[in-house]
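No hydrogens, no waters, no symmetry mates; every other heavy atom, side chains included, goes into these values. Note that this is a predicted model, so its numbers are computed, not measured.
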Amino acid sequence: MSKTAAAVLAFAALFLCSVPMSAQFNGLLPSGNVYGGVSYAQLTNVINQQSYKGWNASFEALPFVRFPHLGLVGEGAGFYRRGETEYDIMGGPRLSANAGKWRPFIHAMAGIRHLDSSGLTYRPLVIDVGGGADYKLWFKNFSWRLQGDFMHSHYASASQNDYRTSTGIVWRF
């Protein structure tokens, strides 16, 4: 089993085990959501743009009572290719709206990228601007997410402009 499949399976198991517990903690958890899915990216390795596959996960809290459509997001992602691995840890605000079964959103995040390429390690700042939409599923509190992002970083005397798409399951609490 690949690392990506194992990560997605573990995340799905976490979702399924935590659903019954949500009834016990009703009112104790802040409102928000947790997302886990697969990701495909066009990432620049110093100067060459290449395709990567991996995973993407995020936690969104909606702590502002007066602004129910403004959330704070923490996100992590991992991408893999022969001889290369990349991990991104980012956070920032997300603005969303509700339109029937759809919940479109946009976000702006910043964080750190850890790139290991053939033994060389880089840790540049990464800026992410993107958005997507959640579609409410027939299961209570679950949605399906489609997300796209533009990521910018600068290392090894060059700017990297990368693109990522993700899809997966969202659990709302």
Side-chain angles (χ1 to χ4, degrees), residues 3-4 7-8 11-12 14-15 30-64 67-81 84-117 122-137 141-156 158-173:
K3 291 180 186 178
T4 304
V8 170
F11 210 79
L14 176 67
F15 274 125
S31 60
N33 63 67
V34 177
Y35 162 74
V38 296
S39 192
Y40 173 81
Q42 288 289 322
L43 303 174
T44 307
N45 176 4
V46 183
I47 57 170
N48 301 321
Q49 192 163 26
Q50 301 173 341
S51 299
Y52 289 75
K53 295 177 185 171
W55 56 269
N56 188 18
S58 69
F59 171 83
E60 179 181 12
L62 300 166
F64 307 110
F67 304 104
H69 298 290
L70 180 63
L72 299 175
V73 180
E75 184 172 285
F79 298 100
Y80 309 96
R81 187 177 173 90
E84 299 175 21
T85 58
E86 178 179 316
Y87 298 102
D88 299 329
I89 301 292
M90 298 177 280
R94 177 177 285 162
L95 187 61
S96 62
N98 291 319
K101 288 190 166 207
W102 290 93
R103 181 180 173 257
F105 61 88
I106 57 172
H107 56 238
M109 298 183 283
I112 297 293
R113 172 176 285 172
H114 176 89
L115 175 64
D116 186 4
S117 177
Y122 301 98
R123 290 189 185 94
L125 174 71
V126 62
I127 296 171
D128 180 313
V129 177
D134 296 345
Y135 181 77
K136 186 172 178 165
L137 298 174
N141 298 335
F142 284 91
S143 299
W144 192 262
R145 176 171 292 174
L146 297 171
Q147 179 176 327
D149 295 286
F150 168 78
M151 300 180 296
H152 175 79
S153 61
H154 184 86
Y155 58 94
S159 291
Q160 282 74 37
N161 295 313
D162 303 327
Y163 306 94
R164 172 180 70 186
T165 60
S166 305
T167 187
I169 193 91
V170 179
W171 174 54
R172 297 193 179 293
F173 49 87

Asks: If I take atom CG from residue N141 and atom CZ from residue R172, how far apart are they, to the nearest 0.5 angstrom?
Replies: 9.0 Å
Asks: If we ignore hydrogens and angles and just use 3.5 Å, is the side chain of S58 paired with the main-chain N or O of G74 as donor and acceptor?
Replies: no
Asks: Do Q147 and T165 have side-chain atoms, one donor and one acceptor, less than 3.5 Å apart?
Replies: no
Asks: So, R164 and E75, do they make that salt bridge, N to O below 4.0 Å?
Replies: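 Salt bridge: yes.
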Asks: Work out which heavy atom in G76 is nearest to a heavy atom in W55; give both atom names and the distance.
Replies: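 Shortest heavy-atom contact: O-CZ3, 3.4 Å.
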Asks: If we only count heavy atoms from C-beta on, is the R103 to N33 side-chain gap below 4.5 Å?
Replies: yes
Asks: If every non-hydrogen atom of H154 is compared with every non-hydrogen atom of S159, which pair is closest and at what distance?
Replies: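 Taking every non-hydrogen atom into account, ND1-OG, 3.1 Å.
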Asks: Distance alone, cut at 3.5 Å: any donor-acceptor contact between the side chains of S166 and N56?
Replies: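 Side-chain D/A pair, S166 to N56: present.
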Asks: Between Y52 and F79, what is the ring plane arrangement, given parallel below 30°, perpendicular above 60°, and tilted in between?
Replies: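 Geometry flag for F79 against Y52: perpendicular rings.
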Asks: What are the two closest non-hydrogen atoms of V34 and F59, and how far apart are they?
Replies: CG2-CD1, 3.8 Å
Asks: Working to the nearest 0.5 angstrom, can you tell me the gap between H152 NE2 and L125 CG?
Replies: 8.5 Å
Asks: Is F150 atom CZ crowded by more than 12 heavy atoms from other residues, nucleotides or ligands, each under 6.0 Å away?
Replies: yes
